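Taking it in order: structure first as structure tokens, then the write-up.
These figures come from a predicted structure and were not determined experimentally.
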Amino acid sequence: MAKASRNTAKHLTIVFGGTFLVASTVGLASEVFIEKVSSLVLALLFLLFMIFLHIVFDIVAVAAMSANEVPFHAKAANKVSGAGQAVKIIRNADLVANFCADVVGDVTGTISGALAAGIILDILRIAPSFNSFEMLVSAIFLAVVASITVTGKAFGKTFALAKANEVVFWVGKILAGVEAATGIKVFSSGKKRKKRGKKA
């Protein structure tokens, strides 16, 4: 019981710390970017990038929860780059999914909303004739942003379920590169989850 409580506390601490770090870093960077950008086109491109980031991390979250670690055992034993990290991703799927879908998802969603509001104001400033239809312009633009995001996430979930192992392996290779470059282990341990069952 005490061990479970410690694990829960550790999990919540990681979530809180990760959320604070990602939100503050990305939020500050986006604020600086928004203040410096006067081009509507660049603002739209940045908005699309935030939506893309949201969808990509959602794909990783779904893939981590759906992937099967068994095919990675032989690769990890043969020291294939990314295989060991893939196993750890799967064994820490709850933490990975929470970080990707909730932390990054909420941060990118919040920034997307702020960007959309700023873009609407820019559109009304550039085209004053639309001021009489401000509510309609806002509603249509926000609906388009929401539609792109939801459609992208729906496609992403289908893709993640069909290609879960490939997605996790791809992420594992990225983590392997980060660990090799920095010497920092993203996952300190990879204890087997009970529900994953048997080894090959």
Side-chain angles (χ1 to χ4, degrees), residues 15-16 18-68 86 89-90 92-175:
V15 169
F16 177 84
T19 303
F20 181 82
L21 181 62
V22 172
S24 58
T25 303
V26 177
L28 181 61
S30 64
E31 284 294 328
V32 171
F33 180 84
I34 291 168
E35 284 183 9
K36 298 294 181 183
V37 169
S38 56
S39 168
L40 181 59
V41 173
L42 283 178
L44 284 167
L45 288 175
F46 190 56
L47 173 60
L48 290 174
F49 175 72
M50 283 293 108
I51 294 172
F52 174 75
L53 209 60
H54 189 156
I55 293 168
V56 167
F57 275 86
D58 197 62
I59 289 173
V60 174
V62 175
M65 295 296 292
S66 308
N68 182 357
I89 288 169
I90 296 168
N92 291 278
D94 52 347
L95 183 59
V96 173
N98 182 267
F99 178 79
C100 292
D102 297 330
V103 178
V104 178
D106 288 350
V107 170
T108 53
T110 301
I111 293 173
S112 295
L115 280 167
I119 290 169
I120 290 168
L121 292 176
D122 278 346
I123 291 172
L124 296 174
R125 177 177 53 80
I126 294 169
S129 57
F130 286 164
N131 284 335
S132 303
F133 308 98
E134 181 178 347
M135 289 183 64
L136 182 60
V137 171
S138 298
I140 291 174
F141 188 79
L142 292 175
V144 169
V145 171
S147 298
I148 292 172
T149 304
V150 172
T151 303
K153 288 179 68 175
F155 170 79
K157 281 182 170 61
T158 301
F159 176 80
L161 289 171
K163 302 288 185 180
N165 282 12
E166 288 89 338
V167 171
V168 169
F169 192 28
W170 175 73
V171 176
K173 287 181 177 180
I174 292 176
L175 291 183

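- Residue pairs that meet the salt bridge (charged side-chain N to carboxylate O under 4.0 Å, His left out) test with at least one member in residues 159-170, sequence neighbours left out, do not exist here.
- Taking every heavy atom of both residues into account, Met50 and Ser112 meet most closely at CB-OG, 3.5 Å.
- Pairs passing the salt bridge (charged side-chain N to carboxylate O under 4.0 Å, His left out) check and including a residue from residues 41-63, sequence neighbours excluded, read Asp58-Lys157.
- Side-chain contact between Asn68 and Ile90 is absent, with no heavy atoms from C-beta onward closer than 4.5 Å.
- Atom CG of residue Asn92 and atom CG of residue Asp94 lie 7.0 Å apart, to the nearest 0.5 angstrom.
- Side-chain atoms of Val104 and His54, non-hydrogen and from C-beta on, never get closer than 4.5 Å to each other.
- With sequence neighbours excluded, no residue forms a salt bridge (Lys or Arg N to Asp or Glu O under 4.0 Å) with Lys153.
- Annotation for Cys100 and Ala61: closest pair CB-CB, 3.9 Å, computed over non-hydrogen atoms.
- One finds the OG1 atom of Thr108 at 10.0 Å from the CZ atom of Phe49 (value rounded to the nearest 0.5 Å).
- Minimum interatomic distance between Val60 and Val167 (heavy atoms only, all atoms of both residues): CA-CG1, 4.3 Å.
- Among residues two or more places apart in sequence or in another chain, the side-chain contact (heavy atoms from CB on, under 4.5 Å) test is passed with Leu48 by none.
- Taking all atoms of both residues into account, the shortest heavy-atom contact from Val168 to Ala67 is CG2-CB, 3.7 Å.
- With values rounded to the nearest 0.5 angstrom, Leu121 atom CG is found 7.5 Å from Ser138 atom OG.
- The two residues Ser66 and Val62 have their closest heavy-atom pair at OG-O, 2.8 Å.
- Looking only at side-chain heavy atoms (C-beta outward), Ile174 and Trp170 come within less than 4.5 Å of each other.
- Every ring pair (Phe, Tyr, Trp, His ring centres under 6.0 Å) that Phe169 has, sequence neighbours left out, goes to Phe72.
- Atom CZ in Phe52 sits 13.0 Å away from atom OG1 in Thr149 (nearest 0.5 Å).
- With a 4.5 Å cut-off on side-chain heavy atoms, Phe57 and Val103 do not count as touching.
- The side-chain contact (heavy atoms from CB on, under 4.5 Å) check on Ile126 picks up Leu40, with sequence neighbours excluded.
- Contacts of Asp102 classified as side-chain hydrogen bond (donor to acceptor under 3.5 Å, both in side chains), with partners at least two apart in sequence or in another chain: Asn98.
- With sequence neighbours left out, Phe141 forms a side-chain contact (heavy atoms from CB on, under 4.5 Å) with Leu44, Leu47, Ala116, Ile119, Ile120, Ile123, Val145.
- Between the Thr151 side chain and the Ile148 main chain, no donor and acceptor come within less than 3.5 Å of each other.
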